[in-house]
Amino acid sequence: MSLQPLKACTVRGPQSCRIMAPTKKGVLERLDAGEIVVGDGGFVFALEKRGYVKAGPWTPEAAAEHPEAVRQLHREFLRAGSNVMQTFTFYASDDKLENRGNKVTFTGAQINEAACDLAREVANEGDALVAGGVSQTPSYLSCKSEKEVKATFKKQLDVFIKKNVDFLIAEYFEHVEEAVWAVEVLKETGKPVAASLCIGPEGDMHGVSPGECAVRLVKAGAQIVGVNCHFDPMTCVKTVKMMKEGVEKAGLKAHYMSQPLAYHTPDCNCQGFIDLPEFPFGLEPRILTRWDMHKYAREAYNAGIRYIGGCCGFEPYHIRAVSEELAHERGFLPAASEKHGSWGAGLEMHTKPWVRARARCEYWENLKPASGRPQCPSMSVPDGWGVTKGHNDLLQQKEATSQDQLKKLFDRSKSH
């Protein structure tokens with residue numbers, strides 16, 4: 001394979017890198033050795049845009065209904081440089097699959113098994129590990145007991161053990177209490193456990209600080225801690241720094257991970273992008289460019305974060321940008337870089353001279369993209385309803401949301 005060498009722009013990046021990957025090792029072996037682990041991206045958002053996931057429930061039945069779509073997305077992330085294939089099991093707990101009138105033709109076990117098989121198939125095509133993931137549950141929001149919530153995690157865990165995933169992730173938790181319960185269940189397997197909360201610098205939805213959240217997760221048995229989703233990359237890196245400080249102050253040790261949104265969220269409140277009026281169908285003007293991702297990768301690396309990936313909004317080209325930024329440290333470029341000259345070098349072949357003039361990193365590093373929307377504000381006002389676990393508005397139900405329930409929500413929304 002041939003590839004143009006990386007363009008020298010700053011001290012980062014070698015003049016040339018091999019397109020290959022190191023020998024496959026476990027996630028803790030890699031992190032203990034100081035290696036960078038690159039995660040993948042946001043499957044539910046990516047597959048919703050492709051027509052395989054329904055916004056609202058955000059459940060992953062596509063793993064069983066349309067395995068070819070999930071397999072292809074795994075392959076694209078692998079080609080972009082990911083060395084973790086996270087099972088497409090987000091919100092695949094039975095209580096979520098059956099929530100508010102959501103009807104699926106497959107059981108939770110069938111979906112989880114299909115997701116594990118797809119992740120393993122693609123992981124075996126490269127130097128990737130398989131991570132089985134569990135996420136927050138409607139049962140917790142509905143104030144079910146610790147025993148009941150843990151039983152929900154255990155159902156998914158049984159599949160992960162059967163399919164022998166390489167490690168486990170408890171991700172997308174708004175409340176550290178529930179995340180701790182998840183970690184306690186996952187650690188019983190003896191497999192490495194990562195735990196990431198969807199929180200920002202203000203902490204979890206009950207006001208527990210990022211540092212204290214991290215300490216609780218490490219004490220529960222998580223060897224890797226961090227954040228995912230809800231906030232943009234720089235906010236997530238800031239939050240993980242706070243977690244790292246808390247862990248070190250407590251005299252504990254951990255590895256750190258960051259899998260943020262691919263959206264700019266400077267106007268978010270403590271609950272993140274879910275409260276933005278653009279969520280989920282009008283977020284495109286906020287999308288980060290590949291050059292923004294270079295900055296994120298470098299910032300995360302400099303903060304001591306070694307598990308670097310993405311969540312909602314991340315597409316394979318974003319992960320390719322992360323991989324290219326860290327090519328010097330990793331010692332290789334991803335296969336997808338065959339079709340991407342570093343810092344726009346491929347534009348040297350463009351027919352228009354003014355476009356050829358953009359074939360340099362200084363141009364892209366300093367670009368301030370326009371939205372092309374003259375009437376749009378630069379910021380939004382988040383919906384701040386101020387409800388979280390324990391509030392009646394969050395009680396879950398199997399029946400579909402009624403028109404009367406919707407009318408009350410519409411009326412309330414008008415008053416905010």
Side-chain angles (χ1 to χ4, degrees), residues 27 43-44 57-61 63-64 84 86-99 102 104 106-117 119 130-199 204-206 208 213-214 216-229 257 259 311 388-390 394-396 398:
V27 65
F43 270 58
V44 288
W58 301 112
T59 47
E61 54 268 27
V84 173
Q86 192 166 332
T87 58
F88 186 37
T89 53
F90 177 78
Y91 271 165
S93 59
D94 287 334
D95 61 341
K96 181 63 178 176
L97 292 168
E98 299 170 353
N99 189 45
N102 189 39
V104 294
F106 294 90
T107 66
Q110 289 173 320
I111 293 170
N112 284 298
E113 287 194 16
C116 287
D117 289 341
V130 175
V134 300
S135 48
Q136 67 179 10
T137 64
S139 292
Y140 181 81
L141 289 178
S142 295
C143 300
K144 296 289 181 67
S145 69
E146 177 181 348
K147 182 179 180 180
E148 290 172 299
V149 174
K150 284 185 171 180
T152 300
F153 297 135
K154 182 65 167 57
K155 282 186 178 181
Q156 283 187 268
L157 186 61
D158 288 342
V159 175
F160 297 147
I161 296 306
K162 175 183 176 182
K163 295 296 184 178
N164 194 29
V165 299
D166 297 306
F167 68 102
L168 299 161
I169 301 179
E171 70 162 2
Y172 195 82
F173 285 88
E174 295 175 305
H175 304 85
V176 68
E177 179 182 50
E178 187 184 15
V180 165
W181 294 352
V183 170
E184 289 173 346
V185 172
L186 299 184
K187 76 171 185 177
E188 294 176 2
T189 66
K191 291 182 179 291
V193 175
S196 60
L197 305 171
C198 49
I199 66 171
D204 85 343
M205 293 303 293
H206 283 161
V208 182
C213 284
R216 293 186 191 182
L217 292 171
V218 173
K219 287 183 175 179
Q223 295 112 322
I224 308 166
V225 296
V227 295
N228 78 293
C229 207
M257 68 188 300
Q259 299 209 102
C311 200
T388 189
K389 185 250 187 177
L394 290 179
L395 292 179
Q396 307 297 300
K398 287 189 178 181

(Q) If you count heavy atoms of other groups shown closer than 6.0 angstrom to NZ of Lys163, is the number above 12? (A) yes
Contacts satisfying salt bridge (charged side-chain N to carboxylate O under 4.0 Å, His left out) that involve residues 169-179 (not counting sequence neighbours) are Glu177-Lys389
* I would like to know whether Phe88 and Val44 meet side-chain contact (heavy atoms from CB on, under 4.5 Å); could you show each step before the answer? => CA-CA 8 Å; Phe88 186 37; Val44 288; 3.6 Å; yes
Do the rings of Tyr91 and Tyr172 sit parallel, tilted or perpendicular, given the 30° and 60° boundaries?
perpendicular
Taken to the nearest 0.5 Å, the spacing of Leu197 CG from Asp204 CG works out to 7.5 Å
Heavy atoms of Ile169 and Leu186 approach each other most closely as C-CD1, 4.0 Å
With sequence neighbours left out, the residues meeting side-chain hydrogen bond (donor to acceptor under 3.5 Å, both in side chains) with Ser135 are none
dist Cys311:SG -> Phe90:CZ (nearest 0.5 Å) comes out at 7.0 Å
Give the ring-plane orientation class for Tyr140 versus Trp181, where under 30° counts as parallel, over 60° as perpendicular and anything between as tilted. perpendicular
task: Would you indicate whether the side-chain heavy atoms of Val27 and Asp166 approach each other to under 4.5 Å?
output: no
Report task. Check whether any side-chain heavy atom of Leu168 lies under 4.5 Å from a side-chain heavy atom of Lys187, and answer yes or no. Result -> no
Exercise. Verify side-chain contact (heavy atoms from CB on, under 4.5 Å) between Gln223 and Val193, making sure each step is shown before the conclusion.
Key: CA-CA 6 Å; Gln223 295 112 322; Val193 175; 3.9 Å; yes
All heavy atoms of Lys144 vs all of Val149, minimum pair found to be O-CG2, 4.1 Å
### Query
Does a side-chain heavy-atom distance below 4.5 Å link Ile111 with Pro60?
yes
When every non-hydrogen atom of Phe173 is compared with those of Ile199, the smallest separation belongs to O-CG2, 4.2 Å
OG (Ser196) and CE (Met257) are apart, to the nearest 0.5 Å, by 4.5 Å
Q: Show your working on salt bridge (Lys or Arg N to Asp or Glu O under 4.0 Å) between Lys162 and Glu113 and close with a plain yes or no.
A: CA-CA 9 Å; Lys162 175 183 176 182; Glu113 287 194 16; 2.9 Å; yes
Taking every heavy atom of Val134 against every heavy atom of Ala182, the minimum-distance pair comes out as CG2-CB, 4.3 Å
Checking Thr87 side chain against Cys116 main chain: does a donor-acceptor pair fall under 3.5 Å? no
Here the gap from Asp94 atom CG to Lys155 atom NZ, rounded to the nearest 0.5 Å, amounts to 4.5 Å
For Ala92 and Leu97, the nearest pair of non-hydrogen atoms, with its separation, is O-CD1, 3.7 Å
Between the CD atom in Gln136 and the OG1 atom in Thr152, the distance rounded to the nearest 0.5 Å is 13.0 Å
Here the pair of heavy atoms bringing Ala222 nearest to Ala195 is CB-CB, 4.0 Å
d(Glu184 CD, Leu217 CG) to nearest 0.5 Å is 10.0 Å
